[in-house]
Amino acid sequence: MSSAETGYAARARSYAAEVEAGLTAPRMLDQLLRPGTTVAEIPSGTGHFVRRYAEAGCATLLVDASAQILAAAERNVAGIPNVTLLRARVEDLPTGHPLVDLAVIPNGALNQLAHDLPLPDILRAVAGMLAPGGRILVQAILGEPAERCGFYEPQASGSWFVDRRLPDPDGGALVRRRRQRRHGKHLSIDFALTRDSDGEVVYRHTVVMRLFDRADVTDAAATVGLTVAAWRPGLGQLSEALLTRASA
């Protein structure tokens, strides 16, 4: 297991609190949710918008590659109806079953996945889970120069700074610091979470991302038979893209 994977697993205990404190739901999400809609969140972490899906009467499939994160997700969604968990890497997603109406790639995950996998391969794998007429909603850092969002500030130096303060699941408070370094289209963000009371390090984790623009997504979508139905610029949060699969 790589150090990055270890760091991601170590985030499991605080992941839900980090998401709740710092992530804004996609602005296009609510209009896509209807009673009976089946939604897959890929990769899900502990479930970024799972309560919003449930409130709309949707069934939810949370997909993540980390056993530790899915264990934390199971605790996070306790009491929320119609939630299923699936452990799988994006490149190993099942095709044809289960079929979903909507796949959500949240929180800049597409940028992270694109560091290791070609964009068409990622979209092809996710599209393989879509029912005819199904859609993919993406939150991503899009544009050149890259837009700022909740975890990326284009003007920040390569120094550590306090990113946010969070409630500690064990009581007290946590402080998250981050440091970002960009080299061309590659972005590396270091995170360090410490206890506010004594400075004890809860975890250190590095996220490596590829930056891309709308044309990259449009071309990748076309390659795998998807159509870009709508865009929403970031304007201080993550940009959004809505991709659709043909109905037949």
Side-chain angles (χ1 to χ4, degrees), residues 12 15-67 69-90 92-110 112-113 122-140 150 217 221 224-232 237-248:
Y15 195 100
E18 292 184 64
V19 167
E20 185 173 348
L23 182 61
T24 302
R27 290 162 289 176
M28 287 192 278
L29 182 60
D30 286 346
Q31 69 192 53
L32 302 173
L33 303 179
R34 298 287 186 275
T37 298
T38 302
V39 184
E41 204 173 80
I42 311 168
S44 65
T46 55
H48 294 81
F49 312 118
V50 64
R51 287 170 177 77
R52 196 172 289 245
Y53 307 145
E55 289 169 0
C58 302
T60 304
L61 176 65
L62 300 181
V63 185
D64 203 280
S66 167
I69 285 286
L70 284 179
E74 188 170 21
R75 296 189 295 271
N76 187 48
V77 303
I80 300 176
N82 300 318
V83 179
T84 304
L85 308 181
L86 173 65
R87 185 183 180 191
R89 301 184 305 169
V90 167
D92 298 325
L93 289 173
T95 57
H97 180 79
L99 292 178
V100 301
D101 304 302
L102 174 67
V104 178
I105 307 178
N107 199 24
L110 187 63
Q112 295 180 54
L113 293 167
I122 300 166
L123 297 181
R124 182 181 293 108
V126 175
M129 296 187 69
L130 294 179
R135 294 174 283 193
I136 301 173
L137 178 60
V138 174
Q139 283 185 305
V217 177
V224 300
L226 297 169
T227 301
V228 178
W231 292 103
R232 291 293 296 270
Q237 64 186 70
L238 289 160
S239 294
E240 300 171 27
L242 182 64
L243 316 178
T244 61
R245 178 182 173 182
S247 59

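Note that the numbering runs from 1 along the sequence shown for the chain.
With sequence neighbours left out, Arg232 forms a salt bridge (Lys or Arg N to Asp or Glu O under 4.0 Å) with no residue at all.
The heavy-atom pair separating Val228 from Leu243 by the smallest distance is CG2-CD2, 3.6 Å. Of all heavy-atom pairs spanning Met28 and Glu240, the tightest one is N-OE1, 3.0 Å. When all heavy atoms of Leu62 and Ala73 are compared, the pair lying nearest together is CD1-CB, 4.4 Å. Shown here for Arg89 and Ala65, the closest heavy-atom pair between the two residues is CG-CB, 3.9 Å. Here the shortest heavy-atom pairing between Ala125 and Val90 reads CB-O, 3.3 Å. Nearest heavy-atom pair, Val63 versus Ala88, reported as atom, atom and distance to 0.1 Å: CG1-O, 3.9 Å.
Proximity of Val39 to Leu32: side-chain heavy atoms (C-beta onward) are nowhere separated by under 4.5 Å. By the 4.5 Å heavy-atom criterion applied to side chains, His48 and Val104 are not counted as neighbours. Counting only heavy atoms from C-beta outward, the side chains of Leu23 and Phe49 approach each other to under 4.5 Å. Contact check for Val138 versus Val217: no side-chain heavy atoms found under the 4.5 Å cut-off. Here the side chains of Pro26 and Leu238 are not in contact, with every heavy-atom distance at 4.5 Å or above. When side chains are defined from C-beta on, Leu29 counts as touching Tyr53, because their heavy atoms get closer than 4.5 Å. Residues Thr38 and Leu102 are not in side-chain contact: their nearest non-hydrogen atoms beyond the backbone lie 4.5 Å or more apart. Leu61 places a side-chain heavy atom less than 4.5 Å from the side chain of Leu86.
Atoms CD1 and CD1, from Ile42 and Ile122 in turn, are 11.5 Å apart once rounded to the nearest 0.5 Å. A distance of 8.5 Å separates CD1 in Ile80 from CD in Glu55, rounded to the nearest 0.5 Å. Rounding to the nearest 0.5 Å places CG of Leu130 at 12.0 Å from OG1 of Thr95. Distance check: Leu226 CG to Ile136 CD1 gives 5.0 Å after rounding to the nearest 0.5 Å. Here Leu110 contributes atom CG and Leu123 contributes atom CG; the two are 6.0 Å apart, rounded to the nearest 0.5 Å. Put simply, CG on Asn107 and CD on Glu18 are 9.5 Å apart, with the number rounded to the nearest 0.5 Å.
The closest donor-acceptor contact from the side chain of Gln139 to the backbone of Thr24 lies under 3.5 Å.
The salt bridge (Lys or Arg N to Asp or Glu O under 4.0 Å) analysis of residues 40-52, with sequence neighbours excluded, yields the pairs Asp30-Arg52. Applying the side chain to side chain donor-acceptor pair (under 3.5 Å) definition to pairs two or more places apart or across chains, none involves residues 69-87.
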